[in-house]
There are 2 protein chains.
Amino acid sequence: MKLLDIGVLSKQCGVPPSTLRYYEEIGLIQSVARNGLRRQFDSPVVTQLALISLGKMAGFSLEEIKGMFAKDGTPQLPPAELHLRADALDEQIRGLTRLRDALRHVADCPAETHMDCPKFKRLIQFASRSTQSAMR
Amino acid sequence: MKLLDIGVLSKQCGVPPSTLRYYEEIGLIQSVARNGLRRQFDSPVVTQLALISLGKMAGFSLEEIKGMFAKDGTPQLPPAELHLRADALDEQIRGLTRLRDALRHVADCPAETHMDCPKFKRLIQFASRSTQSAMR
DNA sequence: CTGCCACTTGAAGTCAACTTGAGGTCAACC
DNA sequence: GGTTGACCTCAAGTTGACTTCAAGTGGCAG
């Protein structure tokens, strides 16, 4: 099992060392050993960091992310709970899709008064309706 | 043109008055008049707030959102730029979709060591690869 | 005309998620 | 053996997005 120095991990995952230390401090990841002073990380941490990055994209707080995974990085929620999170993601995806469509529509629609364009308004209203409940 | 009292707008959009005042302070929205001391908002602000809410969901900062729309709320970026934002959203949507799929997979997969499950790892690695560039 | 209550201001406080800085350690290359 | 460079700790600072607070104002119901 080869171990990763914090600098290597940092470069590999695109996360600054300071952030990795911070994540360890709050218990989001673990270093498994020290080489002298230096933290050594286990290679599965790479996957964990990928999950964390995804979780952040999805708008979860670090605390929430921490609650979702056991210390080895395996998702640690009952199946029903996982499906709920997945459902919430579906909502969010729908909202983002509409926002994307709205942006593309505006980019291509020659009208200059988008605020009055029924198509635009419909996209926005729909999108934000589903959003309201999903906001944390 | 009927005007909305800050309290009415707040209730209608689910945004606290303090936040509306804050948004006005940083120039994200405008009140068009006063009734005595009270701010009066124009009805298009409702749509603007919907856009802001969507922008936040998508992970844009208030500064970025402010840069995207003119003071009347109409998107104010050149078409090419809009398409770029839409592309970024597509990336993000792909990442969220994979995260969702990963969650659903974990919920239903009987294996207890998801970290080693090739399907799970593939979903995660893919997802975070596309994520890296999209992170702000 | 007297309360009341939803609003007003400006300043200060809060929270998450980091980053920065000062001062120290250690192994390795010149 | 000395300097460099990558790491260490702990505390303090920063940023974004608000919220809270104290003290004041204005319209309208009774």
Side-chain angles (χ1 to χ4, degrees), chain A residues 2-42 45 48-69 128 131-132 134-136, chain B residues 2-42 45 48-69 128 131-132 134-136:
Chain A
K2 74 163 197 268
L3 301 179
L4 304 171
D5 198 274
I6 196 174
V8 176
L9 181 62
S10 166
K11 241 146 238 166
Q12 194 167 327
C13 301
V15 178
S18 64
T19 304
L20 294 174
R21 279 190 287 268
Y22 173 66
Y23 284 177
E24 189 182 9
E25 192 182 320
I26 65 173
L28 200 52
I29 59 176
Q30 260 96 28
S31 57
V32 291
R34 289 292 174 115
N35 175 14
L37 284 179
R38 304 177 177 206
R39 288 165 177 81
Q40 304 297 116
F41 291 94
D42 223 351
V45 171
Q48 257 181 284
L49 285 171
L51 272 170
I52 291 168
S53 157
L54 282 173
K56 283 177 48 180
M57 267 192 78
F60 294 114
S61 71
L62 296 185
E63 268 313 299
E64 285 172 303
I65 293 172
K66 188 173 153 187
M68 294 175 164
F69 307 104
S128 65
T131 289
Q132 288 307 331
M135 286 300 286
R136 60 193 100 259
Chain B
K2 75 165 193 276
L3 299 181
L4 303 171
D5 195 275
I6 193 173
V8 176
L9 181 61
S10 166
K11 241 147 240 163
Q12 194 168 325
C13 300
V15 178
S18 63
T19 303
L20 293 174
R21 279 191 288 269
Y22 173 67
Y23 283 178
E24 189 182 10
E25 193 183 319
I26 65 172
L28 201 53
I29 58 177
Q30 259 99 29
S31 58
V32 291
R34 291 289 177 117
N35 175 14
L37 284 181
R38 306 180 178 203
R39 286 164 179 80
Q40 303 297 117
F41 291 93
D42 222 350
V45 171
Q48 257 181 283
L49 284 172
L51 272 171
I52 291 168
S53 156
L54 281 174
K56 281 177 48 179
M57 268 192 79
F60 295 113
S61 71
L62 296 184
E63 268 312 300
E64 286 173 303
I65 293 172
K66 188 174 153 190
M68 294 175 156
F69 308 104
S128 65
T131 290
Q132 288 308 332
M135 286 302 284
R136 62 194 98 259

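By convention in this document, chain letters (A, B, ...) are assigned in the order of the sequence lines, proteins followed by strands, and residues within each chain are numbered from 1.
Residue Lys56(A) places none of its side-chain N or O atoms closer than 4.0 Å to OP1 or OP2 of dA16(C). OP1 or OP2 of dT9(C) has at least one side-chain nitrogen or oxygen of Arg34(B) nearer than 4.0 Å. At the phosphate of dA17(D), neither OP1 nor OP2 sits under 4.0 Å from any side-chain N or O atom of Tyr23(B).
Rounding to whole angstrom units, CG of residue Asp5(B) and C1' of dG26(D) are separated by 12 Å. The CG-C1' distance, from Leu62(A) to dT19(C), rounds to 15 Å in whole Å. As a whole-Å value, the separation of Asn35(B) CG from dT25(D) P is 17 Å. Taking atom CZ of Phe41(B) as the reference point, atom P of dT8(C) lies 8 Å away to the nearest angstrom. Distance Leu9(B) CG to dT8(C) P: 11 Å, rounded to the nearest Å. Rounded to a whole Å, the CD atom of Glu24(A) is 16 Å from the P atom of dT19(C). Atom CD1 of Ile29(B) is separated from atom C1' of dA17(D) by 14 Å (rounded to the nearest Å). Remark: P of dT15(D) and CD of Glu63(B) are 13 Å apart, rounded to the nearest angstrom.
Under the side chain to side chain donor-acceptor pair (under 3.5 Å) criterion, Ser31(A) pairs with Glu24(A), sequence neighbours left out.
Across all strands shown, Gly7(B) has heavy atoms under 4.0 Å from sugar-phosphate atoms exclusively, and none from any base.
Here dC8(D) is the nucleotide among dG27(D), dC8(D), dT9(C) with the atom lying nearest to any side-chain atom of Arg39(A). Side-chain atoms of Thr19(A) lie closest to dC18(C) of the nucleotides dC7(C), dC18(C), dC18(D). The side chain of Leu37(B) approaches dG26(D) more closely than any other nucleotide in the set dT9(D), dC18(C), dG26(D). Minimum atom distance to the side chain of Ile6(A) is reached by dC7(D), of the listed dA17(D), dC7(D), dC7(C). With dT19(C), dC7(C), dC7(D) as the candidates, the nucleotide lying closest to the side chain of Ser18(A) is dT19(C). The side chain of Arg21(B) approaches dC7(C) more closely than any other nucleotide in the set dA6(D), dC7(C), dA17(D). For Pro16(A), the side-chain atoms get nearest to dT19(C) when compared with the rest of dA17(D), dT19(C), dC7(C).
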**OP:** Apply side-chain contact (heavy atoms from CB on, under 4.5 Å) to the pair Leu49(B) and Leu20(B), showing each step before the final yes or no.
**Re:** CA-CA 9 Å; Leu49(B) 284 172; Leu20(B) 293 174; 3.7 Å; yes
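Here NZ of Lys56(A) is found 11.0 Å from CG of Leu54(A). Values are rounded to the nearest 0.5 Å. In this structure, CG on Leu3(A) lies 14.5 Å from CZ on Arg39(A), to the nearest 0.5 angstrom. For the atom pair CD1 of Ile26(B) and CD1 of Ile65(B), the computed distance is 9.0 Å after rounding to the nearest 0.5 Å.
Looking at which nucleotide of DNA chain C each of Val8(B) and Ile26(A) is closest to, the 5′-most match is held by Val8(B).
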